[in-house]
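A note on names: the letters A, B, ... follow the listed sequences, proteins ahead of strands, and every chain is numbered from 1. Reckoned from all heavy atoms, side chains included, excluding hydrogens, waters and symmetry mates.
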There are 2 protein chains.
Amino acid sequence: MPQYKAPLRDINFVLKNVLNCNEHFASLAGREQVGEDLVDAIIAEGAKFAENVLSPLNQVGDQEGCVWSEEGVKTPTGFKEAYEQFAEGGWPSMTADPKFGGQGLPNSLGLVVSEMTSSACWSWGMYTGLSQSAARLLENYAAEDLQQTYLPKMTDGTWGGTMCLTEPHCGSDLGILRTKAESAADGSYKVTGTKIFISGGEHDMMENIIHLVLARIEGAPEGTKGISLFLVPKFLPDADGNVGERNGVSCGSIEHKMGIKASATCVMNFDGATGFLVGEENRGLNAMFHMMNSARLGTALQGLSAGEASFQGALAYATERLQMRSLTGPKNPDGPADPLIVHPDVRRMLLTQKALAEGSRAFIYWVSQLIDVSYFSGDEQARKDAENLSELLTPIAKAFVTETGLESANYGMQVFGGHGYISEWGMEQIVRDLRISTLYEGTTGIQALDLLGRKVMGSGGKQLMVFTKIIHDFCKANEGKEEMAPFISKLAELNKEWGDVTMKIGEKAMENPDEVGAASVDYLMYSGYISLAYMWARMVAVALEGDRDDEFLKAKLQTANFYFQRLLPRTESHKLSMLNGAESLMAMPAEAFAF
Amino acid sequence: MPQYKAPLRDINFVLKNVLNCNEHFASLAGREQVGEDLVDAIIAEGAKFAENVLSPLNQVGDQEGCVWSEEGVKTPTGFKEAYEQFAEGGWPSMTADPKFGGQGLPNSLGLVVSEMTSSACWSWGMYTGLSQSAARLLENYAAEDLQQTYLPKMTDGTWGGTMCLTEPHCGSDLGILRTKAESAADGSYKVTGTKIFISGGEHDMMENIIHLVLARIEGAPEGTKGISLFLVPKFLPDADGNVGERNGVSCGSIEHKMGIKASATCVMNFDGATGFLVGEENRGLNAMFHMMNSARLGTALQGLSAGEASFQGALAYATERLQMRSLTGPKNPDGPADPLIVHPDVRRMLLTQKALAEGSRAFIYWVSQLIDVSYFSGDEQARKDAENLSELLTPIAKAFVTETGLESANYGMQVFGGHGYISEWGMEQIVRDLRISTLYEGTTGIQALDLLGRKVMGSGGKQLMVFTKIIHDFCKANEGKEEMAPFISKLAELNKEWGDVTMKIGEKAMENPDEVGAASVDYLMYSGYISLAYMWARMVAVALEGDRDDEFLKAKLQTANFYFQRLLPRTESHKLSMLNGAESLMAMPAEAFAF
């Protein structure tokens, strides 16, 4: 099982050198005081917790899984104790609103800690990540009295939370959901229905679980415009705000899954459970979607986290395992064979993992800063612009980083040869855990439709042009710098092509809306490779300004070169494929797919 | 769990219409009498067995797995009974030598049955597949007395067999293996050492297990030239040829793996076990490699089999599951939503699965016919040519079909959305089972080096030219046929490009051998897409000669069109990536990969 080691040098490089986090924090209302010392302390302590407390739980969590009984769900050995340590350390309150006891730190800093906990133990990170998302939603949408009752305990981590969206007959298509809410005399509601795939719906790590449930108030309009959001606690608080009477919500069973076995995926039965409306009637999806950007970026982060963990495991093995001689003659003449890392194709796999992890880290951290700005900038225009751009980039980050993360994790197994298939090594667990990330929080197909249909086409191309303008300006600013030239010329060429390709698809889509769906996933992957090329070019610009003898910076430039030479050409196939259009997808009648 | 249904229409189309199996069988010495009735009966009965007996065992096999104890390994419920039925039906003897009770049927016909059994239950198929490989090896390499003692019982399926190559410290690099053989006074050997990853090394399905073991005779030269092959039975036969004394070989443990859990992957301890030399001293790898072509094609077949099974599951779900409306307006206006299959991106995934499965089927069946010819043609030149070509195509088939099979199985999960991650549906098992196929029987990287280094460069390009000439001739023969034109023009263009790209890499490789390794996997995938394009063009030619109203043939043409429009453009990225060469892979010192 690979022992996780937080990539502190790269995290610091991205945060401080590429994204100037000090300047960024200083621009955020109420976050100006986040100094470098605090940042360093948080990262260092987060790394210790992830490496020493969580990493050892990862394999045990997979082996034991969660156990359901009538009394509840038992998490694997050590999960509860690790959580107690996490709560005592004050981590759940990090990015929470100071009004309810939070530390009010920027989300982009919280994200760094989440990266490390996810790399060390994905399943464990699910309980805390979703609890924090639920708290953020309540901070933004719940009425004052609900906030006062629930947020202090969610902030200090005594209570957790969930998001209850999916039902047996609907996942992506929430418009047809059936869970009902009947209004009661005291202003509360009675919530009845079945929700599935509820992560952390029931477990033994926290004292109470606050479910945020989408349901339909009797008489509400059909479709997505008749969906409201309710807070349904597992235990109703008593008069003192402590855990009181058990509410009418229970976990019917947990799913047997490919991976993330230590994360309880619950079927939740709401049986006239007492719920409280959050936000306005029939505007529940609005509140949920607002939070979804963060949740989707959180999923992108999981893709990166697992890709990083897999890279670390594969690199260690490739350095130690002796197998075959180098094609250019022995590199370890005194040993029986050379280490795997001498072989070009092993290097191709490792560098693919490295280039994807580092590029994705820079990309996600940047998008997270944009989300910070959209919430906390003092400048209204800056808030709006950042919101717009982050909405464009989030589906790219979510789908691209999880899809390429899966590729990376598969390479991590592949470097091990047959040993990669053996559970003991832990490499196959990473693939199984990661596999959920292209499915939940909106599949890759849903992200792609969101990007191309809703954001790009929906804005008449304008939302894209905000980004291509940024890239264009970056290329202009770096024109004439000799060492930047190979990167800038390729990036500028692709940036222009991106606009052209978008126009072509837009024209076709005016005649046939299926053209959007037919192009969408290729378009998203194409966009992802260009987005990462932009991040890599930014990293090159920073690295070139640093110490030329610094081995880390040299490796940065070499990895960038690898990315541009060996991964970026993938845009070409995605482009050709999507420009070939919808006809070959739509021609076959459904009955003719099989005989 | 998807219920497997043998794709009989397509199997028959490929076998009879595309590959003219009747003519082919008639050209094989001793196989001339294989008539169409026999072929039909075998396929029909094989399909029934796969659908009715094996398919129901697949999920149970995954859930129960194999259980090790001091007494041996217990296979999952129903495995033994299914095997008894298989043996009673005479299936193990199908392609075996009539001299030992075999039916002497062509391997390319046996392959069809293997496809069906693998699709229905991969793990179960491993026991029979490896036993038959071991028997074929003994037919070709063992001395007459060994054959007489072991082959009759291996032919009727009473006894099974294994291949014991890998050791803890060596997998791909067999040159450094350590298992020892000391010669005994009676001409036998005492074999001592530990082998790992031995599929079916111990189990309860057959009366005796005949291990074929690579070991080093004392005093043999170092490296690959000092390796010999030994037959080491679990039970030594008594004077009557029945199971006698237990030999000094035992199963120390079985591996916990990502998938194929019902296939026992054993650590085998040889402790002075009695073994008998097969073939010549120090020529063991030669015998093993000779059989490896078939074993590798068998692995390619597994990739196809699992891809087909995943396609069937995904198609059924996409037809039934209602979710969201079509982008072009409701297609199921009376229902709450449209079936998934109306959505272009779902169709893209399904058609990718379909095009890969059908293209791979045609490709593998064709290569299998070449192997038939290489063994049994009466014409020596034909035998030699077929051997040459099959040696070129086998690594392509093995690596390309397993890699794309994995993509296909991941799409199969993806079509299910979150449900794809839930074990109950069976879609994630297919991914886990399939994942072994890019690792065992030589990883994708090993296949790629075999293709580009050994076959293409090793023959100075000649072995490739045999194939590009065939494609060239096919294109010439179909010139001027209007409906073929879009396929032929693209295929001819790529065929020429293939040669050019090979030349360029060859030139670079003369200066730096690492260029071969650096290009190898991209080169293999590039070659695979062109190979499948050739098979698809052949299928188009046949389909165009058929009944124009036949829905199956129409779908064939539509799938071919999809393949050329949406999958074949992938050659472009592989080409650009590999032509960018080794420099970006080799520049970074091993120590600089991590900080």
Of all of [options], which one pairs up most often with chain B through heavy atoms under 4.5 Å apart?
{"options": "A:F552, A:F416, A:F311", "result": "A:F552"}
{"options": "A:L579, A:T444, A:D514, A:L576", "result": "A:D514"}
{"options": "A:N410, A:I446, A:V516", "result": "A:N410"}
{"options": "A:T166, A:T319, A:L585", "result": "A:L585"}
{"options": "A:T443, A:T328, A:L406", "result": "A:T328"}
{"options": "A:D345, A:T571, A:V431", "result": "A:D345"}

Taking side chain as everything from C-beta outward and backbone as N, CA, C, O, which of these in B:M413 sits under 4.5 Å from a heavy atom of chain A? Side chain, backbone, both or neither.
both
Please look at B:V342 and chain A and tell me whether the side chain, the backbone, both or neither of the residue comes under 4.5 angstrom of a heavy atom of that chain.
backbone
Could you have a look at [options] and say which one has the most heavy-atom pairs with chain A under 4.5 angstrom?
{"options": "B:R566, B:E572, B:K257, B:M324", "result": "B:R566"}
{"options": "B:G442, B:A519, B:G445, B:G417", "result": "B:G417"}
{"options": "B:M588, B:H256, B:R9", "result": "B:M588"}
{"options": "B:G329, B:P339, B:G581, B:G453", "result": "B:G581"}
{"options": "B:H419, B:R348, B:M578, B:K554", "result": "B:H419"}
{"options": "B:I436, B:I341, B:I176", "result": "B:I436"}

Look at the side chain of [X] and the backbone N and O of [Y], then say whether any donor-acceptor pair between them is shorter than 3.5 Å.
{"X": "B:D338", "Y": "B:S326", "value": "yes"}
{"X": "B:Q312", "Y": "B:A6", "value": "no"}
{"X": "A:T265", "Y": "A:F197", "value": "no"}
{"X": "B:Q447", "Y": "B:E441", "value": "yes"}
{"X": "A:Q59", "Y": "A:S423", "value": "yes"}

What class does the angle between the rings of A:H574 and A:Y529 fall in, given that below 30° is parallel, 30 to 60° is tilted and above 60° is perpendicular?
parallel
Quick one: closest heavy-atom pair of A:A337 and B:D173, and the distance?
CB-OD2, 3.6 Å
Decide whether B:N512 and B:E583 meet the rule of one side-chain donor and one side-chain acceptor closer than 3.5 Å.
no
Could you tell me whether the side chains of A:R570 and A:S573 share a donor-acceptor contact shorter than 3.5 Å?
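No pair is found: no donor N or O on one side chain lies under 3.5 Å from an acceptor on the other.
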